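Below is one structure, written out as structure tokens; the observations come after it.
FYI, side chains are in, hydrogens and waters are out, and symmetry mates aren't considered; it's all heavy atoms of this structure. Numbering of residues begins at 1 and proceeds along the displayed sequence. Here the structure is a predicted model, which means the values were calculated and not measured.
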Amino acid sequence: MTLDLEQVDGYFESHLKRERWEAFTASERAAAVRMAELDVAAHLGTGRIDPTEIFQYCAVCEQALFLAVNPDVDDLRTAVVAESVEGVGSRRYAVSGGAPGRWSKRALAFLRRAGRPPRIGRG
């Protein structure tokens, strides 16, 4: 892990969602930070983040909070959007949880400021 938990906790000291971040256990926060680092590094196309680059640091912190609050964000969710009873019947499903829903909006804003537009694919 590039960032230690103390650095990330410091980020949240003056954050509006500080209490929400502090409600998680240290192991949950550490896991969220590690996952967020991997997300940000993959987004940037690098092996690891540069914690001295302020926008990368902020993106990791914001993504860590997002992942801690939404631990099942990578689960694909389906919803029935149409159903027919005539004859044998049929159903149509829509899959939600596309790329934009897997990122904190604030993390994406910091990544855009880092000079790298978000890479949002179709699947």
Side-chain angles (χ1 to χ4, degrees):
M1 192 157 63
T2 305
L3 290 173
D4 63 38
L5 195 52
E6 203 171 286
Q7 291 172 296
V8 178
D9 287 344
Y11 174 85
F12 286 104
E13 280 180 9
S14 59
H15 196 283
L16 288 173
K17 294 186 179 178
R18 183 186 91 220
E19 290 179 11
R20 192 165 205 183
W21 176 250
E22 291 174 347
F24 295 101
T25 66
S27 65
E28 289 171 324
R29 292 193 319 265
V33 170
R34 180 63 181 141
M35 288 176 66
E37 284 184 346
L38 293 172
D39 285 353
V40 170
H43 179 84
L44 296 172
T46 62
R48 61 188 318 170
I49 63 140
D50 178 1
T52 64
E53 209 289 325
I54 189 69
F55 294 117
Q56 289 182 31
Y57 166 70
C58 293
V60 168
C61 294
E62 292 294 339
Q63 184 68 2
L65 174 63
F66 178 80
L67 292 171
V69 171
N70 304 289
D72 299 322
V73 73
D74 284 329
D75 294 347
L76 291 178
R77 293 167 186 84
T78 58
V80 177
V81 293
E83 186 172 52
S84 174
V85 180
E86 190 175 318
V88 175
S90 65
R91 284 188 169 182
R92 226 173 26 140
Y93 296 90
V95 178
S96 64
R102 295 178 183 182
W103 280 90
S104 156
K105 289 180 182 180
R106 288 181 53 86
L108 286 175
F110 285 120
L111 288 172
R112 277 191 296 273
R113 292 292 297 167
R116 308 214 189 252
R119 296 182 192 132
I120 300 173
R122 288 188 163 175

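- One hydrophobic cluster, built from ILVMFWY side chains closer than 4.5 Å, cannot hold both Leu38 and Phe66; they sit in different ones.
- The shortest heavy-atom contact between Arg20 and Val69 is NH2-CG1, 3.5 Å.
- Scored by the salt bridge (charged side-chain N to carboxylate O under 4.0 Å, His left out) test, Arg18 finds Glu22 as partners (sequence neighbours excluded).
- Inter-residue side-chain proximity for Phe110 and Val60 is flagged as unmet; no heavy-atom pair is nearer than 4.5 Å.
- Note that the CG atom of Asp39 and the CD1 atom of Ile49 stand 11.5 Å from one another [nearest 0.5 Å].
- Under the side chain to side chain contact (heavy atoms under 4.5 Å, CB included) criterion, Glu53 pairs with Asp50, Phe55, Gln56, Ala114, not counting sequence neighbours.
- Considering only heavy atoms from C-beta on, Lys17 stays 4.5 Å or farther from Glu62 through its side chain.
- Atoms NE2 and CG, from His43 and Leu111 in turn, are 4.5 Å apart once rounded to the nearest 0.5 Å.
- Closest approach of Ala68 and Ala32 over heavy atoms only: CB-CB, 4.1 Å.
- The hydrophobic clustering, which links ILVMFWY residues whose side-chain heavy atoms are closer than 4.5 Å, places Phe12 and Phe24 together.
- Distance CZ/Arg102 to CG/Leu67: 11.5 Å, rounded to 0.5 Å.
- A heavy-atom distance below 4.5 Å is not found between the side chains of Val8 and Arg29.
- If you take SG on Cys61 and CG on Leu3, they are separated by 6.0 Å, rounding to the nearest 0.5 Å.
- Gln63 has its side chain within reach of Trp103: a pair of non-hydrogen atoms, C-beta onward, lies under 4.5 Å apart.
- For Tyr57, the ring-ring contact (aromatic ring centres under 6.0 Å, His included) test picks out Tyr11, with sequence neighbours left out.
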